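Here is the naming used below: chain letters follow the sequence lines, and residue numbers restart at 1 for every chain. In this text the structure is predicted, and so the values were computed from the model without any measurement.
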Amino acid sequence: MRDVAIIGVSQTKFGELWDISFRDLISEAGLKAIEDANIEGADLEAMFVGNMSAGLFVQQEHIASLIVDHTGLTPLPCVRVEAACASGGLALRNGIMAVASGYHDVVISAGVEKMTDVVDPTPAIATASDQEWEAQQGVTFPSLYAMMARRHMYEYGTTREQLAMMSVVNHKNGALNPLAQFPMEITVDQVLNSSLVADPLRLLDCSPVTDGAAAVILCPAEDARKYTDTPVYVKASAQASGTIALHDRRDITTIDATVHAANTAYKMANMEPEDIQAVEVHDCFSINGLLAIEDLGFVEKGQGGPAIEDGMTERDGRIPVNPSGGLKSRGHPLGATGIAQTAEIVWQLRGEAGKRQIDGIEVGMTHNIGGTGGTATVHIFSN
Amino acid sequence: MKDIVRGWRHIPQRYNLIGSKCNHCGAVYFPVRVICPECRRKGKLEEIKLSGKGKIHTYSVIHTPTGDFKLISPYVVAIIELEEGTKITSQIVDSDGDNIKIGDEVELVFRKIREEGEDGVISYGYKFKLKK
């Protein structure tokens with residue numbers, strides 16, 4: 001296997017982008033990544049695109065052809081990959097494997113979701129759960145995470161305020177990110193007084209509905225300096241599966257897929273949790289950010305709440321979490337999220353993260369979840 | 001049409017709470033599975049009728065439902081640990097969530113679940129209520 005490097009990244013502005021179509025979003029992300037990598041479109045040998053549900057959000061399948069066509073890259077081979085909200089992480093991983101194997105040299109991995117072309121996106125989002133035995137009962141996505149939160153509060157004494165702090169810290173970082181959907185600070189009181197979505201979770205515990213796209217360019221590590229002075233190296237790429245239905249988990253307050261993927265990633269990179277200097281976690285809901293801190297091994301099970309309350313996850317804390325603003329503040333265009341997380345860690349490792357830059361960072365991690373934990377990817381990068 | 005067929009296929013499980021039991025390891029599953037995840041090919045699954053008695057493992061009160069459930073909002077959903085050991089996701093009827101706590105005993109009831117999509121096909125199935 002060859003080592004793999006990232007030589008270019010991009011992210012579009014995230015938000016409710018009424019005047020930008022699905023195809024224009026992904027094209028913008030792709031072009032920016034190609035420019036950032038200082039390559040030509042013709043240098044690309046393969047494309048992987050993460051997308052959860054173009055079929056339900058914009059009534060378009062066969063997006064692999066659509067994207068290659070619209071970007072003028074025919075006959076480039078393209079593969080669309082899907083694992084709900086972890087589709088982006090999968091696209092990255094498949095690109096990495098294509099380069100590592102020696103099958104391709106220069107590959108683009110991208111992610112895109114256009115969620116605001118439908119009046120109500122919730123039925124589409126609900127298809128990430130078990131449609132026949134969860135959604136059929138009237139369960140919504142926020143309510144599944146709400147049930148994890150309720151049980152975590154019951155077992156470990158996690159407080160409503162600690163969950164709110166997850167959102168507050170995200171927004172503190174996101175306020176410094178010009179590409180974020182909601183670049184403003186919020187307070188604990190605002191979270192606690194926002195409208196109930198699925199008790200105990202409130203509106204400001206939930207990531208928003210977002211349009212957006214992101215892309216990364218990969219090449220063999222040994223070639224990276226031909227293209228850039230600031231390559232970022234892939235130290236580990238791991239993926240694991242869990243049960244699709246939340247009720248079938250061994251423990252509903254632990255996402256075993258995260259634990260398995262993280263353990264594999266640490267082993268691949270020959271690293272420990274203490275070696276990670278920044279992490280982008282999948283905080284689709286505040287509770288999932290808290291679970292990630294535990295399941296990635298940064299604190300013991302049950303200690304996520306106190307860790308957030310004590311400032312451990314802030315940019316100057318022991319393990320800075322979501323310097324980008326996370327899914328909560330940056331936004332969560334489902335299939336694009338895993339790639340946007342990667343772009344943020346690459347900018348941090350290059351020292352290009354502007355006002356939200358973490359000083360002296362050499363190792364970063366991304367954590368992308370599909371559904372309630374049916375799929376997890378964990379990646380580790382270094383400069 | 002697809003809603004009718006999909007619902008019809010699941011009538012035995014949804015009306016009578018039919019699950020699977022593995023005769024090799026003794027584990028019980030709901031819904032019915034083809035393969036025991038513990039024993040895989042060594043396992044031997046047979047269908048069993050579950051008792052419908054269990055305890056609240058966790059719950060939530062939904063205030064922002066999807067389309068087919070808007071008329072009953074807000075409503076309570078829960079993960080219930082059945083006495084056979086398996087867990088199931090279901091609504092809790094006759095409750096606004098204030099009178100529920102983790103560990104409360106619940107029992108099976110048969111109810112209308114939803115009118116699906118534009119065709120309005122009614123599906124029936126299991127819900128649970130607090131045991132008095």
Side-chain angles (χ1 to χ4, degrees), chain A residues 56 118-155 158 194-203 205-206 209 241-253 256 285 287 372, chain B residues 3 6-7 9-10 13-14 19 27 29-33 37-38 54 56-82 86-93 96-98 100-103 111 113-114 116-117 123-128:
Chain A
L56 293 174
V118 287
V119 176
D120 180 8
T122 50
I125 297 167
T127 62
S129 65
D130 188 327
Q131 186 74 349
E132 294 183 344
W133 304 101
E134 291 183 313
Q136 161 72 15
Q137 293 300 116
V139 167
T140 59
F141 236 80
S143 69
L144 289 166
Y145 277 100
M147 289 197 281
M148 292 188 215
R150 171 103 52 201
R151 188 72 196 186
H152 201 277
M153 294 163 100
Y154 173 81
E155 286 193 23
T158 302
S194 59
S195 58
L196 271 170
V197 172
D199 187 41
L201 296 184
R202 292 172 177 271
L203 185 66
D205 289 295
C206 308
V209 170
S241 305
T243 68
I244 186 160
L246 179 63
H247 57 237
D248 280 330
R249 304 280 163 78
R250 172 187 65 80
D251 168 15
I252 70 162
T253 64
D256 279 342
F285 298 93
I287 180 65
T372 55
Chain B
D3 288 342
R6 187 165 66 182
R9 188 190 301 144
H10 289 130
Q13 294 178 61
R14 286 186 180 152
Y29 302 101
F30 183 88
V32 168
R33 282 182 182 259
E38 291 299 320
I56 301 269
H57 185 70
T58 185
Y59 66 97
S60 175
V61 186
I62 295 182
H63 294 262
T64 55
T66 54
D68 293 349
F69 297 90
K70 284 207 165 98
L71 287 176
I72 58 168
S73 173
Y75 56 98
V76 182
V77 294
I79 291 177
I80 295 145
E81 184 170 5
L82 296 173
T86 191
K87 295 194 188 76
I88 183 171
T89 300
S90 178
Q91 288 182 33
I92 305 295
V93 301
D96 57 9
D98 288 344
I100 292 181
K101 58 183 189 308
I102 288 174
R111 289 287 189 278
I113 304 292
R114 73 203 289 196
E116 280 189 79
S123 61
Y124 297 92
Y126 53 85
K127 292 186 182 179
F128 285 77

**Report entry** Side chain to side chain, B/Lys87 and A/Asp248, heavy atoms closer than 4.5 Å
**Finding:** no

Query raised in the report: chain B: which of A/Arg249, A/Glu134, A/Glu132 shares the most heavy-atom pairs with it under 4.5 Å?
Result: A/Glu132

Requested in this report: Heavy-atom pairs under 4.5 Å with chain B are the metric here; pick the option from A/Asp130, A/Leu196, A/Leu201, A/Thr122 that has the most.
Outcome: A/Leu196

Query raised in the report: Nearest heavy-atom pair of B/His63 and A/Asp199: which atoms, and what distance?
Result: CD2-N, 4.4 Å

Query raised in the report: Is B/Glu38 atom CD crowded by more than 12 heavy atoms from other residues, nucleotides or ligands, each under 6.0 Å away?
Result: no

Requested in this report: Side-chain contact test, heavy atoms from C-beta onward, threshold under 4.5 Å: evaluate it for B/Ile79 versus A/Leu246 and give yes or no.
Outcome: yes

Query - Proximity breakdown for B/Tyr29 and chain A, heavy-atom pairs closer than 4.5 Å - result: neither

Query raised in the report: Out of curiosity, B/Thr89 OG1 to A/Leu144 CG, how far, rounded to the nearest 0.5 Å?
Result: 7.0 Å

Requested in this report: Could you look at B/Arg33 and say if it's the side chain, the backbone, both or neither that has a heavy atom under 4.5 Å from chain A?
Outcome: side chain

Requested in this report: Any chance you could measure B/Ile80, atom CD1, to A/His247, atom NE2, to the nearest 0.5 Å?
Outcome: 10.5 Å

Requested in this report: Below 4.5 Å from any heavy atom of chain A, which atoms of B/Ile88 appear? Answer side chain, backbone, both or neither.
Outcome: backbone

**Report entry** B/Thr58 versus A/Met147, closest heavy-atom pair with distance
**Finding:** OG1-O, 2.6 Å

**Report entry** A/Trp133 and B/His10 aromatic ring geometry - parallel, tilted or perpendicular at 30°/60° bounds
**Finding:** perpendicular

Query raised in the report: Are any side-chain N or O atoms of A/Gln137 and backbone N or O atoms of B/Ala78, one a donor and one an acceptor, separated by less than 3.5 Å?
Result: no

Query raised in the report: Side chain, backbone, both or neither: which part of A/Ala149 has a heavy atom under 4.5 Å from chain B?
Result: neither

**Report entry** Pick from A/Val139, A/Thr243, A/Ile125, A/Asp120 with the largest number of heavy-atom pairs that fall under 4.5 Å of chain B
**Finding:** A/Val139

